[in-house]
Amino acid sequence: MINFSRYSKTLKTAWLVAICFAVNAPSAFAQQEWSWRFSAEQYAKLTIPQRTTYERCVKLHEMADRATKENREQDAASAYRAASGEWKLFAREFFDAPEFALAHAAFMEGYELHLAKDRNSAVRIYTEVLTLYPESPLAIIQSLYWRAEAHRQNGDRNKALTDWQQIEEMPESVGNPLGLLTLQRLAGDAWERMKWEEAAARWEALVRDHPGGSRDVRAEAARNLMMLRGAQGRWQALDSVVEQMRGDAKGRTDYINEFMWNTWHHWYRWVTDDYLTRAFPKEDGKQIDGRLRKFREGLVDWYEKHGTLYAEADKAWDFDLTTFYYRRMLNPDKASELALALVTKLRSDNLTPAEKDSRARRLINNLVEASMAVEARTLLDLIEGVPQRLSVAYSLEERTGHYEEAEKVLDQMEMQPDPDYVKNAKRMRAYLYKDRMNKCKEAIPLFMEAVDPPTSLWAIQECHRRIGEKDKAQQTLTEIASIFPAEASRAMYQKAEYFKADNDKANAIAHYRRILSHPDWKKSGQASQSHQRLEELGIETGGGVIHNVN
């Protein structure tokens, strides 16, 4: 049984922090979709003098943003305050400007102070905007949202919630970027308070009412909602979310695939584990594991009900493979039975040879991942062309650990008429011997024949070392360092490591120092590693340098 409870509470805490009240700089969170600038339509309604003042505000704000990015906090605060003054001047000088412009200028006076971290002054001005411009919903939404952020940053959660709830009740907030973020904030708060249905209602509204909103925010809300409903066993509710996130059959199948993969492999990062452990606090780890197991079983059952949708999107074979993948993960004992059913289906389907070839390759890959070599071998005859079939066969045997069988395939590959194909087969045999079969002595001549230095030389020196031919390994590294400048520091460091491993301290120190002294190597990663090695050996790196190394 899968041990679902082995993950630490740290992950659960990280999830809560992510969806609730993580502290962000005022401009960092929302400006992906929301902008403090006038829209093009609004800008066109300004007079030339109004535009001139507005451009001064923009330049000061951008100057402050640059200072913020460069961690020049005092300069940033000064520029934001100067921008606030310009917005105040705009409102005083152009009292006959359109109301949207005056309301926005008043809001920006406070927003700039907010960014300057003068939150109390910002709150006062945001409140004035609500009083002075009751007929300007955009300015009201902006002022409420950022006043809530100021309250939150000041530690007054209740006041922040009151402002967000007021935004939520405004019809004009539907489709507004800050309305979307408000729902996200409220959902996070409800989740923290274990008000599951309140959180779900906000996620539903976020997905339903903000189709043009931030893709990332909507995707997170949809995922959270689907995970929660799945954990509650309300699987039918997932389909409506999928339909709202993606319209046509192809889009929905793509979304389902993404959701299945992320949910299956990363469930502990999201709602499910957190919900179950908090909603059922009296249950022990084994009971929670059982609930998570039931969740995964329900997830696969839900997926399997979409066969018609996948057929409509011309993805029936993808559906079959994915079903096999999850079913064998749930119940490995039935994997062979499921695999044989897929093999039989593939052989019986009315397909062209090219189509069978393509599908056979994918199924073989799935079977290899499941270490089902016997079942995978039954499909090799569907691969078109002898060289291609042998290449697939070799990969199958090597990946499933059947190295002697892989050798036999290489024998056949080396009998093919294409010299490049044969050369590659010999290279594959060399690596099979070195990396899988511990036949380094037999691998060395094959690497020499491959003639693709410095890669082959690196393999050769490793083989020499592993069979006890230490001097030859050192000689090969010297050859690499002398012929291939780009590999020289790495080769010299490896020589030093071998000397160190052999307790030849003098030679090891000499080579580490050589790396530090060489003008082309002193900035390499090996130089940093050499510093550490010399410190471990009790050697000061600022001392003399030994240059005479072999």
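Numbers for residues simply follow the sequence, beginning at 1. Note that the structure is a prediction, hence the values are computed from the model and not measured.
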### Query
Which residues satisfy the side-chain contact (heavy atoms from CB on, under 4.5 Å) test with I140, sequence neighbours excluded?
L130, L144, M170
### Contacts of E70 that satisfy salt bridge (Lys or Arg N to Asp or Glu O under 4.0 Å) - sequence neighbours left out
R72
## Note on the structure
Taken in chain and number order and not counting sequence neighbours, the residues that satisfy salt bridge (Lys or Arg N to Asp or Glu O under 4.0 Å) with K195 are none
Compile the donor-acceptor pairs under 3.5 Å between side chains in residues 229-237 and protein atoms, sequence neighbours left out, one pair per line.
unit_1, atom_1, unit_2, atom_2, d
R229, NH1, E197, OE1, 3.1
R229, NH1, E197, OE2, 3.1
R229, NH1, Q232, OE1, 2.8
R229, NH2, E197, OE1, 3.1
Q232, NE2, E197, OE2, 3.1

### Message
Which residues pass the side-chain hydrogen bond (donor to acceptor under 3.5 Å, both in side chains) test with E297, not counting sequence neighbours?
### Response
R293
### Message
Once side-chain contact (heavy atoms from CB on, under 4.5 Å) is applied, do any residues pair with K345, and if so which ones, sequence neighbours excluded?
### Response
D320, D349
Which atom pairs, donor and acceptor, lie under 3.5 Å between side-chain atoms of residues 204-211 and protein residues at least two apart or in another chain?
unit_1, atom_1, unit_2, atom_2, d
H210, ND1, G175, N, 3.4

### Query
Can you name the residues that form a salt bridge (Lys or Arg N to Asp or Glu O under 4.0 Å) with R193, not counting sequence neighbours?
D189, E198
### Message
Please enumerate all residues that pass side-chain hydrogen bond (donor to acceptor under 3.5 Å, both in side chains) together with T323, with sequence neighbours excluded.
### Response
none
### Message
Please enumerate all residues that pass side-chain hydrogen bond (donor to acceptor under 3.5 Å, both in side chains) together with Q532, with sequence neighbours excluded.
### Response
none
### Query
side-chain contact (heavy atoms from CB on, under 4.5 Å) with K315: which residues, sequence neighbours excluded?
K250, T253, D254, Y310, A313, D318
### Task
With sequence neighbours excluded, tell me which residues meet salt bridge (Lys or Arg N to Asp or Glu O under 4.0 Å) with R56.
E86
